[in-house]
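Predicted model only: the values in this text are computed from it and were never measured.
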Amino acid sequence: MPSPEYREFLERLAEIASASILPHFRRQFIVESKDERRFDPVTIADKAAEQAIRDEIAATYPNHGIVGEEFGTIAADAETVWVIDPIDGTRSFISGLPVWGVLIGLVENGKPSLGLMAQPFTGERYFGDCTSAHYSGPGGPRQLHTRNCAAIDEAVIFTTSPHQFSATDLTAYHRVEKEARLARYGTDCYAYCMVASGFVDAVIESELQPFDILPLIPIIEGAGGIVTDWQGNPPPDSGQIVASGDARLHDRILARLTGD
């Protein structure tokens with residue numbers, strides 16, 4: 001069980017990130033692209049938040065590792081590693097849409113143990129420790145639970161964008177989408193938190209990076225959900241991901257994705 005001090009530290013990191021990000025949201029600023037071949041935006045807010053988080057981790061736990069989206073990796077093989085995505089959903093951020101979040105996770109001995117998604121603009125926070133998950137924010141605090149949904153044709157599914165799939169993966173994804181009751185795009189980390197909250201049934205993604213998913217695994221699992229790769233293996237730290245609120249639905253989605 002992770003130390004209670006790490007939970008408190010996560011909350012402190014969220015406050016630090018919020019202070020770096022909020023002055024820039026819905027303001028004018030320069031947007032850079034990290035990739036010359038395709039638009040992969042990064043802003044002053046992303047960089048400032050991650051640097052502030054890294055500085056606090058280094059000052060408090062100098063022997064811990066760090067994996068971050070903007071400034072790379074330090075001691076990724078350490079026993080305790082912090083995983084940071086300062087703004088998951090930068091495309092939404094630069095568009096003025098509040099469906100982005102700060103992702104901070106803790107990996108201990110190679111396994112995700114704590115995760116936090118904080119949305120500074122709305123004041124929402126989603127926290128999980130793999131055994132339970134909790135929300136705080138508008139409407140008051142509550143424990144999170146996924147909902148029962150066994151059939152794809154009754155399910156609400158999310159993916160960030162079909163444009164982020166390879167041609168082969170997109171074909172596989174479409175086998176699920178065409179059967180689902182409702183499919184929605186563009187919510188990044190919010191989709192996973194909605195699975196944990198019992199409003200969405202599954203998220204299907206491909207080509208994720210460790211900082212995109214590791215902080216969310218303890219939230220999904222803590223709420224009663226399941227996260228694996230497309231073959232049903234234990235949750236990887238990147239690549240193809242399926243997160244579901246109901247294990248029966250999860251199995252059916254995997255069967256569609258693999259063509260079984």
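For the residue pair S244 and D246, no side-chain donor N or O sits within less than 3.5 Å of a side-chain acceptor on the partner. Between the side chains of E205 and T160, at least one donor N or O lies within less than 3.5 Å of an accepting N or O. Between the side chains of Y190 and E124, at least one donor-acceptor pair of N or O atoms lies under 3.5 Å.
Residues R12 and E8 are not paired through a salt bridge, judged by the lack of any N-O separation under 4.0 Å between the basic side chain and the carboxylate. A salt bridge links R125 with E15: at least one charged nitrogen is closer than 4.0 Å to a carboxylate oxygen. Salt bridge K47/E69: absent, no basic N to carboxylate O contact under 4.0 Å. For the pair R147 and D201, the salt-bridge criterion is met [side-chain N within less than 4.0 Å of a carboxylate O].
Between C149 and L249, the shortest heavy-atom distance links the atoms O-CB, 3.0 Å. Scanning all heavy atoms of the two residues, the minimum distance from L144 to A196 falls at CB-O, 3.5 Å. Here the closest heavy-atom approach between residue T43 and residue I94 is recorded as CG2-CG2, 3.6 Å. The nearest pair of heavy atoms linking G245 to T146 is O-OG1, 2.8 Å. Between G89 and W100, the closest heavy-atom pair is O-CB, 3.5 Å. Closest heavy-atom contact between P23 and S18: CD-O, 4.2 Å.
Ring centers of Y173 and W230: at least 6.0 Å apart, outside the cut-off. You'll find the ring centres of Y192 and F158 outside the 6.0 Å limit. Two rings, from F93 and F25, have their centers less than 6.0 Å apart. Between W82 and Y6, the distance separating the two ring centers is shorter than 6.0 angstrom.
Looking at heavy atoms from C-beta onward, H174 lies out of side-chain contact with T171 at the 4.5 angstrom threshold. The shortest distance between side-chain heavy atoms of H250 and V242 falls below 4.5 Å.
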Between Q240 and S206, is the side-chain hydrogen bond (donor to acceptor under 3.5 Å, both in side chains) condition met? List the steps. CA-CA 4 Å; Q240 298 173 324; S206 183; 4.6 Å; no
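The line from CD1 of I253 to CD of E179 is 9.5 Å long, rounded to the nearest 0.5 Å. A distance of 4.5 Å separates CD1 of I219 from SG of C193, quoted to the nearest 0.5 Å.
With hydrophobic clusters built from ILVMFWY side chains whose heavy atoms lie under 4.5 angstrom apart, V227 does not share a cluster with L254.
The salt bridge (charged side-chain N to carboxylate O under 4.0 Å, His left out) search around E154 returns none, not counting sequence neighbours. In this structure, the side-chain contact (heavy atoms from CB on, under 4.5 Å) partners of A150, at least two apart in sequence or on a different chain, are R248, R252.
When each of T73, V107, I66 is checked for a side chain to side chain contact (heavy atoms under 4.5 Å, CB included) with V83, only V107 meets the rule. Of the residues L116, L103, L114, the one that meets the side chain to side chain contact (heavy atoms under 4.5 Å, CB included) test with P215 is L103. For the pairing with S132, the side chain to side chain contact (heavy atoms under 4.5 Å, CB included) check across H145, E221, Q143 returns one residue only, Q143.
Other residues, nucleotides and ligands place no more than 12 heavy atoms under 6.0 Å from the NZ atom of K111. Other residues, nucleotides and ligands contribute only 12 or fewer heavy atoms inside 6.0 Å of the CD atom of E79.
Annotation: cation-pi pair R7/F127 present, NZ/CZ under 6.0 Å from the ring centroid and within 45° of its normal.
The closest donor-acceptor contact from the side chain of D55 to the backbone of A52 lies at 3.5 Å or more, if one exists at all.
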